[in-house]
Amino acid sequence: MSSIGSSRPAQVSAARRRTVIDALRRGAVPESGLDLLATGLDRFETALDAELDAVASGGSVFKAVRGEYGSGKTFFTRWLGERAKRRNFAVAEIQVSENETPLHRLETVYRRLTERLTTSSFPPSALRPVVDAWFYALEEDALAAGATEEELPGEVEKLLVARLAEVSRHAPSFATALRGYRVALAQGDEATAAAVLAWLGGQPHVAASARRSAGVRGDLDHFGALGFLQGLLTVLRDSGHTGLLVVLDEVETLQRVRSDARDKALNALRQLIDEVHSGRFPGLYLVITGTPAFYDGQQGVQRLAPLAQRLATDFTTEPRFDNPRAVQIRLPGFDQESLVGLGITIRDLYAEAAVSPQRVQDAVDDSYVADLAGAVGGALGGKVGVAPRLFLKKLVGDVLDRVDQFEDFDPRQHYRLTVAGSELTDVERNLAAVPGDTVSADDIDLEL
């Protein structure tokens with residue numbers, strides 16, 4: 001998602017730069033610092049910021065993101081996550097998969113949410129810091145209302161009951177578990193407190209003794225998961241967070257599961273959307289990502305008519321006229337120009353911390369970046385849209401690192417692009433122009 005001529009912050013800290021460069025060297029999407037690379041997304045900014053503000057004011061939003069492989073869906077959602085964190089949202093990114101996180105088992109989705117919960121101050125899992133901050137906020141509110149130290153436990157209990165009254169209608173065990181967690185901490189029983197908090201986070205197989213001490217039974221089930229999500233949103237809001245952004249990534253994997261599991265998952269997704277739109281989850285911004293085949297194909301959304309109706313969006317106009325306020329938005333993906341622009345941005349970012357910035361700029365000039373982008377795209381059957389990950393990995397790890405470390409290294413003379421089958425994803429391998437374990441760019445005519 002890049003274009004030439006975009007701007008980025010003039011001053012970049014060494015830590016942010018290193019995080020971004022290290023991730024690209026591994027062929028991964030950076031976990032943070034994405035604003036340094038997020039060029040070409042400005043047309044979404046106004047609408048998304050307005051939606052984040054609406055959620056921060058007590059609303060709820062559902063958004064579907066569509067794009068082919070390589071169009072930047074993961075990048076987009078993490079970029080959105082960074083914008084949300086700057087508004088003091090908590091964020092959770094969940095990879096949907098048949099074995100690890102089946103969408104039709106909402107208790108598993110909730111468990112992954114708590115495992116991946118992060119805030120601007122705490123990495124995953126931030127569940128315990130959030131819960132501790134909530135109890136601290138209750139104590140501060142009780143003291144501000146005039147409670148004495150002796151009255152504090154009782155006043156906190158009253159506040160707990162009042163704040164979770166609506167949640168307790170659907171999931172009374174949520175408040176019970178929080179109460180048990182607080183009691184265990186007060187008694188100095190760290191093991192029990194940790195076990196009760198794990199149960200609150202949806203973890204199965206929590207010790208029976210810990211569950212008994214907290215007054216809860218069994219494990220969280222599919223129907224209780226939505227109530228627990230409602231409770232988590234309340235805790236987040238009262239502990240100072242403005243909302244929660246949840247990303248369900250790679251929902252298109254539903255197309256590959258058994259038909260019965262697929263139907264259950266699609267219906268669970270429909271249920272989630274309806275609950276969001278009903279206002280049950282104030283403070284929730286729910287995002288799903290998928291390929292066009294998932295949204296338009298008979299093995300995906302179109303298999304369930306009510307879900308298809310909820311996600312229906314007009315994409316018959318030119319992409320530049322797409323409505324970013326719509327329930328479903330389209331990522332156009334990369335073309336040769338935007339891929340080169342992204343490469344130049346990375347080159348400049350890298351050069352700022354290089355041993356010899358000018359040597360990096362001279363050896364890896366704009367024309368070489370363009371040649372490398374063309375060669376990588378050619379190695380993938382001319383499919384530029386799936387080239388960004390591999391292109392950036394090669395640019396950083398094979399070219400920029402060598403130019404930075406070896407004074408006499410000239411990428412035009414000493415580097416020949418090779419793409420081993422082992423470094424390709426399944427999609428990239430299927431699109432490779434030359435079958436076999438190694439794809440060579442020697443077959444591509446380049447004016448170097």
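Predicted model only: the values in this text are computed from it and were never measured. The first residue of the sequence shown is numbered 1, and numbering continues consecutively from there. Excluded from the calculations below are hydrogen atoms, water molecules and symmetry mates; all remaining heavy atoms, backbone and side chain alike, are included.
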Asker: Would you sort out whether Ser338 and Asp335 count as a side chain to side chain donor-acceptor pair (under 3.5 Å), showing the intermediate values?
Answerer: CA-CA 5 Å; Ser338 60; Asp335 56 21; 2.9 Å; yes
Asker: Are side-chain heavy atoms of Val235 and Leu178 found at a separation under 4.5 Å?
Answerer: yes
Asker: How far apart are the C-alpha atoms of Leu138 and Trp134, what are their side-chain angles, what is the distance that settles it, and do they pass the side-chain contact (heavy atoms from CB on, under 4.5 Å) test?
Answerer: CA-CA 6 Å; Leu138 294 186; Trp134 185 65; 3.8 Å; yes
Asker: Can you name the closest pair of heavy atoms from Thr119 and His241 and give their distance?
Answerer: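 In terms of heavy atoms, the two residues are closest at CG2-CE1, 3.6 Å.
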Asker: Give the intermediate values and the outcome of salt bridge (Lys or Arg N to Asp or Glu O under 4.0 Å) for residues Asp274 and Arg270.
Answerer: CA-CA 6 Å; Asp274 287 350; Arg270 193 269 315 157; 3.0 Å; yes
Asker: In Å, rounded to the nearest 0.5 Å, how long is the span from CG of Leu342 to CG of Leu37?
Answerer: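 One gets 6.5 Å once the value is rounded to the nearest 0.5 Å.
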Asker: If you measure from CD1 on Ile329 to CZ on Phe315, what distance do you get to the nearest 0.5 Å?
Answerer: 8.0 Å
Asker: Using salt bridge (Lys or Arg N to Asp or Glu O under 4.0 Å) as the criterion, point out the one residue from Lys85, Arg16, Arg83 that pairs with Asp35.
Answerer: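 One option only clears the test, and that one is Arg16.
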Asker: Quick test of your reading of the model: are Arg87 and Asp49 salt-bridged, counting only N-O distances below 4.0 Å?
Answerer: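 Salt bridge: yes.
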Asker: Under the criterion side-chain contact (heavy atoms from CB on, under 4.5 Å), I'd like the reasoning laid out for Leu400 against Ile21: C-alpha separation, chi angles, the key distance, then a yes or no.
Answerer: CA-CA 10 Å; Leu400 292 173; Ile21 296 298; over 6 Å; no
Asker: Between Asp132 and Tyr181, do the side chains contain a donor N or O and an acceptor N or O under 3.5 Å apart?
Answerer: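 Present: a donor and an acceptor within the cut-off.
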Asker: Is Asp260 salt-bridged to Lys264, going by a charged N under 4.0 Å from an acidic O?
Answerer: no
Asker: If you look at every heavy atom in Phe89 and Leu52, which pair is closest and at what distance?
Answerer: CZ-O, 3.4 Å
Asker: What distance separates Leu304 CG from Gln309 CD, expressed to the nearest 0.5 Å?
Answerer: 9.0 Å
Asker: Check whether any side-chain heavy atom of Tyr110 lies under 4.5 Å from a side-chain heavy atom of Glu115, and answer yes or no.
Answerer: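 No, every pair of side-chain atoms sits at 4.5 Å or beyond.
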Asker: Is a side-chain donor-acceptor pair under 3.5 Å present for Asp314 with Thr316?
Answerer: yes
Asker: If only atom types and distance count, is the side chain of Arg169 paired as donor or acceptor with the main-chain N or O of Ala165 below 3.5 Å?
Answerer: no
Asker: Can any side-chain N or O of Glu82 pair as donor or acceptor with the backbone N or O of Gly33 at less than 3.5 Å?
Answerer: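 It does hold such a pair.
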Asker: When you measure from the side chain of Thr313 to the backbone of Leu311, do you find a donor-acceptor pair of N or O atoms at a distance under 3.5 Å?
Answerer: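 Yes; at least one donor-acceptor contact below 3.5 Å.
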Asker: Taking Ala326's backbone N and O only, do any of them form a donor-acceptor pair with Lys63's side chain (distance below 3.5 Å, no angle check)?
Answerer: yes
Asker: CG/Leu286 to CG/Leu229 distance, rounded to the nearest 0.5 angstrom?
Answerer: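 The CG atom of Leu229 is 9.0 Å from CG of Leu286, to the nearest 0.5 Å.
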Asker: Can you measure from CD (Glu252) to CD (Gln299) and round to the nearest 0.5 angstrom?
Answerer: 14.5 Å
Asker: Are the side chains of Arg111 and Thr101 in contact, using a 4.5 Å heavy-atom criterion?
Answerer: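 No - every pair of side-chain heavy atoms lies 4.5 Å or more apart.
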Asker: Is there a donor-acceptor pair closer than 3.5 Å between any side-chain N or O of Ser57 and the backbone N or O of Asp53?
Answerer: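 Answer holds: yes.
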Asker: If you round to the nearest 0.5 Å, how far is CZ of Phe391 from CG of Leu339?
Answerer: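 The distance works out to 5.0 Å.
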Asker: Taking side chain as C-beta onward, heavy atoms only, is Val301 less than 4.5 Å from Asp296?
Answerer: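 They are not in contact (no side-chain heavy atoms under 4.5 Å apart), so the answer is no.
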Asker: Can Gln230 and Arg280 be counted as having a side-chain donor-acceptor contact under 3.5 angstrom?
Answerer: yes
Asker: Between the side chains of Asn88 and Thr242, does any donor sit under 3.5 Å from an acceptor?
Answerer: no
Asker: Are the charged groups of Glu31 and Arg78 less than 4.0 angstrom apart, N to O?
Answerer: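 Looking at Arg78 together with Glu31, the answer is yes, because their closest N to O distance falls below 4.0 Å.
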Asker: Using a 3.5 Å cut-off and no angle test, enumerate the donor-acceptor pairs between side-chain atoms of residues 204-220 and protein atoms at least two apart in sequence or in another chain.
Answerer:
unit_1 : atom_1 : unit_2 : atom_2 : d
Arg211 : NE     : Val206 : O      : 3.0
Arg211 : NH2    : Val206 : O      : 3.2
Ser213 : OG     : Ala210 : O      : 2.7

Asker: Taking NZ, NE, NH1 and NH2 as the nitrogens, is one of them in Arg105 or Glu100 under 4.0 Å from a carboxylate oxygen of the other?
Answerer: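 The answer is no: the pair does not qualify as a salt bridge.
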Asker: Within the side chain of Glu93, is there an N or O that forms a donor-acceptor pair under 3.5 Å with the backbone of Leu248?
Answerer: no
Asker: For Leu159 versus Ala142, what's the shortest heavy-atom pair and its separation?
Answerer: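 Smallest interatomic distance, heavy atoms only, reads CD1-N, 3.9 Å.
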Asker: Tell me whether the count of non-hydrogen atoms from other residues, nucleotides or ligands lying under 6.0 Å of CZ in Arg86 goes above 12.
Answerer: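 Yes, because the 6.0 Å sphere around CZ of Arg86 holds more than 12 heavy atoms from other groups.
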Asker: With a 6.0 Å cut-off on the ring centroids, do Phe62 and Tyr285 count as close?
Answerer: no
Asker: Is Gln328 reaching over with its side chain to a backbone N or O of Ala64, donor-acceptor style, under 3.5 angstrom?
Answerer: no
Asker: Please name the pair of heavy atoms, one in Leu392 and one in Leu24, separated by the smallest distance, quoted to 0.1 Å.
Answerer: CD1-CD2, 3.8 Å
Asker: Compare all side-chain heavy atoms of Ile288 with those of Val247 and state whether any distance is below 4.5 angstrom.
Answerer: no
Asker: Counting N and O atoms only, with roles assigned by atom type, does the side chain of Glu250 sit under 3.5 Å from a partner on the main chain of Thr289, one being a donor and the other an acceptor?
Answerer: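 Looks like no, no N/O pair under 3.5 Å.
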Asker: Is it the case that the ring center of Trp199 lies less than 6.0 angstrom away from the ring center of Phe228?
Answerer: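 Yes; Trp199 has its ring centre under 6.0 Å from that of Phe228.
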Asker: Look at Asp249 together with Lys73 and state whether they make a salt bridge at an N to O cut-off of under 4.0 Å.
Answerer: no
Asker: Begin with the C-alpha distance, continue with both residues' side-chain angles, and end with the deciding distance and a verdict on side-chain contact (heavy atoms from CB on, under 4.5 Å) for Glu275 and Leu226.
Answerer: CA-CA 9 Å; Glu275 294 283 13; Leu226 294 181; 4.1 Å; yes
Asker: Look only at the side chain of Thr118 and the backbone of Phe122, and say whether a donor-acceptor pair between them is shorter than 3.5 Å.
Answerer: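 Between the backbone of Phe122 and the side chain of Thr118 there is a qualifying donor-acceptor contact (under 3.5 Å).
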Asker: Looking only at heavy atoms, what is the nearest atom pair of Ala90 and Leu236, with distance?
Answerer: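 In terms of heavy atoms, the two residues are closest at CB-CD2, 3.8 Å.
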Asker: Any sub-3.5 Å donor-acceptor pair from His222's side-chain atoms to His104's backbone N or O?
Answerer: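 Yes, His222 side chain to His104 backbone: donor-acceptor pair under 3.5 Å.
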Asker: Evaluate salt bridge (Lys or Arg N to Asp or Glu O under 4.0 Å) for Glu157 paired with Arg179, printing each intermediate quantity in order.
Answerer: CA-CA 8 Å; Glu157 173 67 19; Arg179 192 177 295 109; 2.6 Å; yes
Asker: Just so I know, are the side chains of Leu284 and Val55 near enough to count as touching, which here means a heavy-atom distance under 4.5 Å?
Answerer: no
Asker: Give the minimum heavy-atom separation between Leu197 and Leu127, together with the two atoms involved.
Answerer: O-CD2, 4.0 Å
Asker: Give the intermediate values and the outcome of salt bridge (Lys or Arg N to Asp or Glu O under 4.0 Å) for residues Arg25 and Asp398.
Answerer: CA-CA 9 Å; Arg25 185 182 289 117; Asp398 290 356; over 6 Å; no
Asker: So Arg112 and Glu107, salt bridge (Lys or Arg N to Asp or Glu O under 4.0 Å) or not? Walk me through it.
Answerer: CA-CA 9 Å; Arg112 297 287 179 254; Glu107 70 274 23; over 6 Å; no
Asker: Might you work through the side-chain contact (heavy atoms from CB on, under 4.5 Å) test for Leu244 and Leu113, ending with a clear yes or no?
Answerer: CA-CA 10 Å; Leu244 171 64; Leu113 189 162; 4.3 Å; yes
Asker: Say whether Arg262 and Gln255, considering side chains only, have a donor N or O and an acceptor N or O under 3.5 Å apart.
Answerer: no
Asker: With side chains defined as the heavy atoms from C-beta onward, is the minimum distance between Leu48 and Phe76 less than 4.5 Å?
Answerer: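 They are in contact (side-chain heavy atoms under 4.5 Å apart), so the answer is yes.
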